Amino acid sequence: MTLDFPIDNPPTRYHPLTTQLPIKVATEDVSVRYGGKLALEDVTLEIPDRAVTACIGPSGCGKSTFLRCVNRMNDTIDTARVSGSIRIDSEEVNGRDVDPVVLRARVGMVFQKPNPFPKSIYENVAYGPRIHGLAETKAELDHIVETSLIKAGLWAEVADRLHHPGTSLSGGQQQRLVIARAIAVNPEVILMDEPCSALDPIATARIEELIDEMRENYSLIIVTHSMAQAARVSQMTAFFHLGKLVEYGPTEEIFTNPLDQRTQDYITGRFG
Amino acid sequence: MNSTHNAPHIVKAFSEELEQLTADVAAMGGLAESMVSDALQAAANRDGELADEVRFRDAQVDQMQRDIEKKIIRLLALRQPIAQDLRVCIAALKIVADLERVGDLAKSIARRVHTLNASDPTALNGAVERMGRVVQSHLHQVLDAYATGEASRAVAVWERDDDVDEHYNALFRDLVTAMREDGSMIEPGAHLLFIAKNLERIGDHATNVAEVVHYLVTGQELTADRPRGPRPETS
């Protein structure tokens, strides 16, 4: 066995939880190896429902790897080996009988670059509900498309051009289209991997406002490089460094009075 | 976790600005403290010239406050400090407000030196002076605690504020008695009472600074009730 980390690496610092929200996602000793390389080591944390949890940390810290564990996106990488337990409502995500396709409807994902299908705006949103059999009639499907676009704050801008290509929209609109697509299949958890880093400040503000509204219905986990964004949109913050969860707690605590020196150094811009 | 004990920021100018801010506040603290000690000395030595000099220094303290506040606003707007860096800025903002008041109160003490010099010194002048030395030492210690980032030293002063209150209460009783017994004591007695009251307030500002230093260093508020002596009815 090789030691990938110094043995004196201190354990994760957990702040006392100030929220009474029920736990949606619970992980226990989650580790991920890519080939021989340990990318994530023994991450244990509980993510509340109806709240935004931000994952922060320098590039290569494991935060995106962690996010990709929740809907088994790491399955798509041949060399990736995931160990430990990830439960959504006490149901094991890595269970043999769990169909990753069904799981990914429950756990939607939004990426850094908006990735609409090369189809119409309507078809982008209708695709998921159709393959998951959520609508029996055209009217039902129309209804799902409309409500999803409304929830994603895009309806007013696209109602009169639903059959235009999704790629004809601006970057910020495309990102909201992708969010509408995720919402359309009634997810419980929504993962966002730097959803605003390709957007201008106004489009970013719209997405942040949307994230805040979505908090009423979903458990959101967002990976971001922007400290200010994490502070603005999240209620819980997890700080990752070198594949370890260093500190986890209410966002306000992490940003005003972090317990670990590494968290402090990172959020205040002191990391080399 | 004082700023001086941390790794520098990736943006070096940010670290330099925070260090400069702390140095500026410490310098303003030094000036305010010198006003208190010189006002006391002017009263003890019946030195009108020194008293005038103290009054002149108040404008400097005010100007320093304005300059420091400008720097803090600039830091907040351009660097968006968080965590301990934010505490450095907020602490500086609060401390300069206390120090500005300390300067005003010292000036007010200095202003009374000329009037006091018009009458003969009494035993009570000495008592006021002793109270002043206690207050000045508290101020000195909290400013040291600020400069060195020692929360425990700040807390020690915070816990001793009732020494000042006791001094003030004792002086209040003695001065009222003296004025009742001797009509010629009324005018100097009134001035000494004001000086004692000003010193008591300077002590309160030192206590405020102690609370800010504790917050700056630990991120926690000093919330427990401070031990308090009985207060005179009219204070």
Side-chain angles (χ1 to χ4, degrees), chain A residues 6 9-10 13-16 18 52 54-61 196-197 201 204-205 208 222 224-242 246-272, chain B residues 1-22 71-95 145-146 149-152 154-155 210-224:
Chain A
N9 218 345
R13 305 284 299 263
Y14 294 98
H15 290 254
T18 51
V52 181
C55 298
I56 59 170
S59 295
C61 69
C196 300
S197 48
T204 297
E208 287 182 1
I222 175 172
T224 177
H225 272 141
S226 160
M227 297 301 111
Q229 179 169 65
R232 283 193 300 263
V233 304
S234 73
Q235 289 72 52
M236 300 294 290
T237 294
F239 171 63
F240 293 82
H241 183 229
L242 296 174
V246 171
E247 187 162 346
Y248 179 59
T251 299
E252 197 185 322
E253 291 293 314
I254 301 278
F255 280 93
T256 55
N257 200 15
L259 297 173
D260 194 286
Q261 186 67 42
R262 290 167 294 175
T263 316
Q264 163 111 319
D265 286 350
Y266 181 67
I267 63 172
T268 57
R270 288 182 166 89
F271 249 24
Chain B
M1 295 208 292
N2 194 16
S3 60
T4 50
H5 302 148
N6 267 313
H9 288 87
I10 297 165
V11 179
K12 283 192 207 75
F14 187 10
S15 290
E16 287 161 13
E17 284 165 20
L18 287 173
E19 277 162 27
Q20 189 57 52
L21 177 62
T22 305
K71 282 185 183 173
I72 296 168
I73 289 166
R74 188 178 176 279
L75 264 165
L76 292 174
L78 301 188
R79 307 285 186 198
Q80 286 124 42
I82 52 174
Q84 175 214 359
D85 299 337
L86 179 61
R87 297 205 297 272
V88 169
C89 294
I90 298 299
L93 198 58
K94 294 179 90 163
I95 289 174
Y146 171 72
E150 288 169 276
S152 55
V155 174
E211 286 172 4
V212 175
V213 170
H214 184 268
Y215 168 74
L216 166 67
V217 178
T218 67
Q220 309 290 327
E221 273 179 61
L222 262 178
T223 46

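Fair warning: this is a prediction, and the values are worked out from it, not measured in the lab. Below, chain A is the first sequence line, B the second, and so on; all start at residue 1.
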Counterpart residues, ring pair (Phe, Tyr, Trp, His ring centres under 6.0 Å), relative to A/Tyr248 (two or more places apart)
none

Under 4.5 Å from any heavy atom of chain A, what part of [X] do you find: side chain, backbone, both or neither?
| X | answer |
| --- | --- |
| B/Ile82 | both |
| B/Ser15 | neither |
| B/Pro8 | backbone |

Who pairs with A/Ser197 by side chain to side chain donor-acceptor pair (under 3.5 Å), at least two apart in sequence or on another chain?
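Testing A/Ser197 for side chain to side chain donor-acceptor pair (under 3.5 Å), a comparison that skips the adjacent residues, returns A/Gln112, A/Glu194.
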
If we define contacts as heavy-atom pairs under 4.5 Å, which of A/Thr263, A/Ile267, A/Asp265 has the most with chain B?
A/Ile267

Assess whether atom CD of A/Gln235 is packed by more than 12 heavy atoms of other residues, nucleotides or ligands within 6.0 Å.
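Counting other residues, nucleotides and ligands, CD of A/Gln235 exceeds 12 neighbours.
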
Between A/Thr256 and B/Arg87, the two heavy atoms sitting closest are O-NH1, 2.7 Å

Contacting moiety of A/Thr268, where chain B heavy atoms sit under 4.5 Å:
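For A/Thr268, backbone and side chain are both near chain B.
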
